[in-house]
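These numbers come from a predicted model, not from an experiment.
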Amino acid sequence: VVAKRRGHATLVNHLQAMMTVSDTYEGLKDLEDLLSDYRKAENDPARAHQLEHLIREAMSENHLENELDDVDHGDFKALAERCHEILSSVKNSQTRIGMHVFGEIPENENLYEVINTILRFDRAAEFNTRRLVFDFWNENLSLALDQPGKTSRSGKTFGELLFDADRKAVDLIEKILAGWDEGPLVRESFGDGPFPENLTARFHGFADLVAHVARRIESSREIPALLHAMDGGHVPAGPSGFISRGRYDILPTGRNMYNVDPTRIPTEAAWRVGVRLAEALLSRYLREEGGYPESVGMVWLASDIMRADGEQIGQILHLLGAKPRWKANGQVDGFTIIPSEELGRPRVDVNVRVSGITRDCFPDAVRYIDQAVTAVALLKEKPESNFIRKHIMDHAARDNVSIDDPVQFRRLSYRVFSAKPGVYKAGVNLAVQASAWKTENDLTDVYLYWNGFAYGEGMDDFGVPAHGELMENLKRVRVTFDKHISDEADFLNCCGFFGNYGGMTVAAKTLSGKKPKTYYGDTRDP
C-alpha cells in the first residue's frame with residue numbers, strides 16, 4: 001500500500017494462507033475432556049467432586065488463573081462455565097495451516113476450508129455458515145456466541161456446538177461442490193425435517209453462493225498477472241480486504257488491488273460496531289472500577305480503515321459523545337455532537353496513537369478525529385461531564401496559560417500522535433529487538449521520543465513536535481485498547497502490535513505510577 005502511494009506501484013494480489021478451525025490440543029484438550037465428564041456426572045456427586053479437583057489442577061497446569069480472576073473460585077459451576085468460554089474462544093478461532101503458494105489454486109479439502117473461512121463470517125447473515133447450520137439444528141447462534149459455556153438443547157455446550165457447526169459447514173461445502181442435489185443433502189445432513197420454507201430457500205441461496213465463490217477462486221491468475229505486469233501490460237484492478245470477513249469480492253486474485261474510498265469511512269455498519277465496542281469498554285471498566293475512565297489510550301492501525309471500514313473511528317467518536325453524519329450517497333459529511341443529557345454519561349478523553357500508514361494514506365481520517373476532539377473540547381460543559389474539557393483546564397492551570405488563547409488551546413487539545421513525519425513504527429520494537437533497554441523507564445523514554453508528534457486540522461505542518469503534551473496525556477490514561485479483527489493476523493506475529501500497544505501501555509504505567517487496564521476488542525464476527 002505504501003509502495004502504491006509513493007510510487008504508483010502495481011500490486012498483484014494473491015490468496016491468503018490456508019486456515020482451519022483451531023480446536024484444542026494437549027493440556028487444553030485434556031481440560032476440555034474433564035469439563036465434559038463433569039457435566040455428565042451431575043447426578044453422581046462423588047465422581048463430580050473428584051473431577052472438580054482434577055479440573056482445578058488442570059486449570060493451574062494450563063495457566064488459566066489470570067483469565068479466571070473475574071470469577072468467584074468458590075462457585076465451581078461458574079468457574080467451569082467461564083473455563084468453557086475460554087476454551088471455546090481457542091477452539092473456535094481459526095489458525096493458519098500452511099502458507100499459500102503463489103499461483104496455486106486450492107483443491108479438495110483446502111478449497112472447502114477456504115470457502116468456509118470466507119463464509120463463516122459472511123456479511124449477509126442468511127449465508128453465514130454457522131448461522132445456517134444452527135438454524136437447521138433449531139439452536140440459537142447469538143446465545144452460543146454470547147454464552148459458549150452454557151449447555152444447549154442437544155446436551156453439548158454451545159462452544160462444542162460452534163465447533164461442530166464449523167465442521168458440518170465444511171462437509172456441506174464439499175458435497176455441494178461434488179454435485180449433490182439439495183434435497184438429499186439437507187435430509188442426509190439435518191434429518192427429514194420438516195424445515196421452514198424460508199430455511200430451505202436460504203440453503204438454495206447458500207449452495208449457489210458456494211459454487212459462485214469456488215468459480216471466483218478457480219479464476220485466479222496470479223503468475224500470469226505478475227508476468228504480464230513485468231512485461232509492461234495492464235493488470236485489471238480489484239478491491240482489497242480481509243477474505244475472512246466475507247470479502248469474496250476480492251476474488252479472483254491476480255488483480256491490482258486498491259484501497260477503500262476514504263470519503264465513505266466509517267460506514268454506517270462499522271460505526272454501529274464501534275458504538276458496541278465503546279459501550280463494552282465503558283461497561284467493563286464501570287464494573288471493574290466503579291466509575292468511568294477519564295482517559296482511554298487507543299492504538300489506531302490502518303487495518304481498521306482498509307479491512308474493517310472504520311470501526312475504531314466509530315468507537316472513538318462514541319467515547320467522545322459524537323456520531324458521524326452521512327450524505328445520501330454514503331459519503332461522510334462531518335459529525336454531530338450528542339447532547340450531554342442524551343449521552344447520559346461523561347465524554348471520555350482519548351489519546352490516539354495513529355500508525356504511520358494511517359497517517360500517510362488517510363490524512364483526512366486523522367483530521368476528522370482531531371476535529372471531533374477539538375469540537376468536544378470547546379463545549380462549555382461541566383468538567384465532570386466532559387473529561388477532555390476538564391483535562392485541558394487542569395493542564396492550562398498548571399502551565400499558567402489561558403484557554404481563551406487559541407494558540408495555547410490548540411496545543412492543549414492535541415490528542416492524535418504518531419512518529420515524526422515520514423517515520424514508521426513506535427520505536428519500542430527496535431529497542432526490544434536490539435535488547436537496548438534495562439528498565440520500563442527506558443522503554444517509556446523511547447516511546448515518548450519516537451511518538452511525540454501531534455497531527456490534526458489547521459497545522460502549518462502535518463505533524464508538529466508535542467512531546468510534553470503526549471507525556472501529559474499518557475499520565476491520565478486509565479485504559480489502553482487495541483482490537484482483533486481477523487484470525488489472519490495475530491498479536492504475537494508482528495512487532496507493530498507490541499511496539500504500539502505495549503509501548504503505550506508501559507509509558508502510561510511509568511508516567512502515572514498506575515498500571516492501566518489493558519482491553520482488547522474482538523470484531524472477528526461483525
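In this structure, Tyr414 and Glu469 approach most closely via the heavy-atom pair CD1-CG, 4.1 Å. What you find for Tyr424 and Arg6 is that their closest heavy atoms are CE1-NH2, 3.4 Å. Between Ile388 and Leu320 the shortest heavy-atom distance is CD1-CD2, 3.2 Å.
Shown are Gln94, Arg120, Lys91; of these, the side-chain hydrogen bond (donor to acceptor under 3.5 Å, both in side chains) with Asp166 is made only by Arg120. Considering Arg478, Lys475, Lys390 as possible partners of Glu294, the one that fulfils the salt bridge (charged side-chain N to carboxylate O under 4.0 Å, His left out) test is Lys390. Under the side-chain hydrogen bond (donor to acceptor under 3.5 Å, both in side chains) test applied with Arg353, the options Asn451, Thr358, Asp482 reduce to a single match, Asn451.
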Tabulate below the donor-acceptor pairs under 3.5 Å that side-chain atoms of residues 269-278 make, not counting sequence neighbours, or state none.
none

Output side-chain donor-acceptor pairs under 3.5 Å for residues 337-345, partner residues at least two apart or in another chain, one line each.
unit_1 : atom_1 : unit_2 : atom_2 : d
Arg345 : NH1    : Leu319 : O      : 3.3
Arg345 : NH2    : His318 : O      : 2.3

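The pair Asp394-Arg389 does not count as a salt bridge, with every side-chain nitrogen at least 4.0 angstrom from each carboxylate oxygen.
A heavy-atom distance below 4.5 Å is not found between the side chains of Arg325 and Val332. Side-chain atoms of Leu281 and Val296, non-hydrogen and from C-beta on, do get closer than 4.5 Å to each other. The side-chain heavy atoms of Val352 and Arg415, taken from C-beta on, include no pair separated by under 4.5 Å.
Taking the ring pair (Phe, Tyr, Trp, His ring centres under 6.0 Å) definition, one finds that Phe362 meets it with nothing, sequence neighbours left out.
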